[in-house]
Amino acid sequence: MQSFRNLPANVIQDQIGDRLQITYLTGPQVSFTPEEDGQDVIAGLTAAQKTLSPKYLYDDRGSELFEQICTLPEYYPTRAEISILSQYAPEIVQITGPCELIELGSGSATKARILLDAYQNLGGSLRYLPIDVSGGALEGSARELLQTYEQLHVHGLVSTYGLALANLPPSLLPFRLIAFLGSSIGNMPPEECQLLLRQITQALEPGEYLLLGADLQKDRAVLEAAYNDRQGVTAAFNKNSLSHLNWRFQADFILDQFQHLSFYNPDRHQIEIYLKSLVDQTVTLKALDLTVKFQAGELILSEVSRKFDLVELQQDLQSLGLKPIQAWTDGDRFYSLLLCQLQG
Ligand code: AVI
């Protein structure tokens with residue numbers, strides 16, 4: 001069994017066979033610890049601009065809907081990222097050499113497979129450390145990977161990113177590459193994003209790598225179509241955060257009384273996603289002892305998706321000590337994968 005630095009006392013280690021180990025850093029439901037449960041909802045729904053954390057988009061149904069979004073004709077980011085990865089993974093691994101692959105937000109590990117294939121072709125040991133808040137998804141995808149890759153060892157960390165980065169097990173390969181894909185960086189406010197990048201720099205040794213996926217600024221029509229798809233899957237995904245609140249906090253949101261609204265804010269270079277109350281209404285969240293009044297037309301901000309300028313992003317990374325080594329984009333220059341190396 002691995003030894004860790006500064007491990008919290010409630011860590012559960014699960015050793016499954018020789019090639020799979022899972023460490024639960026704060027219990028199976030880390031994003032909803034009893035102490036913080038719902039406090040962010042109270043703060044968000046009582047603020048002048050009503051807001052919900054985007055984490056409420058992702059209960060089981062929300063995660064299924066997000067998987068569907070990734071296949072929609074209008075939603076280009078997933079396809080663009082996979083096409084860049086598929087085309088350039090051999091080049092990425094040539095630059096990094098054999099690396100332990102650490103992935104923040106591993107989900108179904110579809111993209112990790114592309115990198116693992118390339119590392120496998122390079123020869124040597126294959127090690128994968130997925131980090132995800134969902135223990136079930138992490139274990140399921142890890143077991144599938146072990147069937148495909150006979151030489152692979154997986155050590156999953158069920159954890160929030162910050163906690164996992166502060167508690168990475170010692171590397172068994174000379175270098176590590178942290179992959180943060182899917183442009184999830186765009187869903188974080190700038191301060192949170194800076195904090196995560198700092199945590200990444202603290203987790204890496206000089207010479208080690210970050211592979212970052214980032215959605216780029218582009219024509220407004222392309223962006224707005226991607227977040228207002230014709231089949232209404234994004235609308236269902238957005239409204240599902242209200243059913244999530246209904247079951248988690250015994251709330252009584254009536255979904256038909258809210259409408260999905262999403263548009264590009266060119267000043268902030270971000271897609272803003274809202275739920276618009278269609279009528280004057282009062283909603284009760286019993287478990288939080290909270291009653292919220294909505295006026296017809298009032299908006300709840302449920303997600304922001306920032307779009308990046310590649311040059312500015314590279315400068316920001318450089319200023320944190322993450323030297324951009326190479327950036328790859330798709331043919332439309334919609335999306336970018338950036339490989340950075342931590343400076344000494
Ligand atoms: C997960 N994240 C990068 C998605 C995005 O594009 O910002 C979430 C999403 N929201 C609506 N559609 C997709």
Side-chain angles (χ1 to χ4, degrees), residues 31 51-85 103-112 130-134 137 160-161 179-190 192-193 196-197 211-244 258-265 268-276 299-309 313 330 332 334-338:
S31 53
T51 306
L52 277 176
S53 159
K55 75 182 180 192
Y56 293 104
L57 293 164
Y58 299 96
D59 60 357
D60 288 349
R61 176 74 186 135
S63 302
E64 265 171 40
L65 287 165
F66 181 63
E67 292 288 319
Q68 278 185 42
I69 287 176
C70 294
T71 65
L72 290 170
E74 298 94 334
Y75 192 75
Y76 61 85
T78 312
R79 263 189 310 280
E81 187 172 62
I82 288 178
S83 83
I84 301 169
L85 260 181
E103 188 176 18
L104 298 177
S106 49
S108 58
T110 312
K111 295 162 192 169
I131 298 171
D132 209 291
V133 288
S134 165
T160 53
Y161 299 155
F180 188 34
L181 302 173
S183 200
S184 296
I185 192 174
N187 299 127
M188 296 176 164
E192 206 180 300
C193 174
L196 180 72
L197 290 171
L211 184 66
L212 183 67
D215 196 13
L216 301 178
Q217 292 165 15
K218 63 185 67 64
D219 194 55
R220 179 179 199 142
V222 175
L223 285 166
E224 292 190 342
Y227 293 85
N228 290 289
D229 65 279
R230 278 192 277 173
Q231 292 172 53
V233 184
T234 310
F237 172 68
N238 189 16
K239 287 169 77 169
N240 180 67
S241 57
L242 300 180
S243 14
H244 188 174
F258 288 86
Q259 188 182 46
H260 164 75
L261 185 73
S262 149
F263 53 84
Y264 188 58
N265 178 334
R268 297 191 157 189
H269 304 293
Q270 62 190 24
I271 283 281
E272 295 177 3
I273 300 179
Y274 296 91
L275 287 155
K276 177 177 166 184
L299 302 177
I300 311 174
L301 178 63
S302 50
E303 194 185 37
V304 155
S305 189
R306 294 194 293 138
K307 306 301 166 191
F308 297 90
D309 174 278
L313 180 59
D330 55 310
D332 294 318
F334 279 179
Y335 197 92
S336 176
L337 262 192
L338 269 147

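The basis for the numbers below is simple: all heavy atoms, side chains too, and nothing from hydrogens, waters or symmetry mates. In listed order, ligands and their atoms are each counted from 1.
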(message) If the cut-off is 4.0 Å to any non-hydrogen atom of Gly182, which atoms of ligand 1 fall inside it?
(response) 3 (C)
(request) Give the residue and atom name of whichever protein heavy atom lies nearest to atom 4 (C) of ligand 1, and the separation in Å to one decimal. (result) Tyr75 OH, 3.3 Å
(request) Determine whether Asn238 and Leu57 make a side-chain contact, defined as any pair of heavy atoms from C-beta on separated by less than 4.5 Å. (result) yes
(message) With a 6.0 Å cut-off on the ring centroids, do Tyr58 and Phe237 count as close?
(response) yes
(request) Please answer whether the main-chain N or O of Lys218 pairs with a side-chain N or O of Lys307 as donor and acceptor at a distance below 3.5 Å. (result) no
(message) For the CZ atom of Arg220 and the CG atom of Asn265, what is their distance to the nearest 0.5 Å?
(response) 8.0 Å
(message) Which option wins on minimum heavy-atom distance to atom 9 (C) of ligand 1: Glu303, His260, Glu74, Glu81?
(response) Glu303
(message) Judged on heavy-atom distance to atom 1 (C) of ligand 1, which of Asn238, Leu65, Asn187 sits nearest?
(response) Asn187
(message) Show the atoms of ligand 1 that are less than 4.0 angstrom away from any heavy atom in Tyr58.
(response) 1 (C), 8 (C)
(request) Consider only side-chain N and O atoms of Asp330 and Ser83, and report whether a donor and an acceptor are under 3.5 Å apart. (result) no
(message) Among all protein heavy atoms in this structure, tell me which lies nearest to atom 7 (O) of ligand 1, with the distance rounded to 0.1 Å.
(response) Ser305 OG, 2.6 Å
(message) Using a 3.5 Å cut-off on N or O atoms only, is Thr234 in polar contact with ligand 1?
(response) no
(request) Enumerate the atoms of ligand 1 whose separation from the nearest heavy atom of Ser183 is less than 4.0 angstrom. (result) 3 (C)
(request) Compare every heavy atom of Val233 with every heavy atom of Leu65, then report the nearest pair and how far apart it is. (result) O-CG1, 3.8 Å
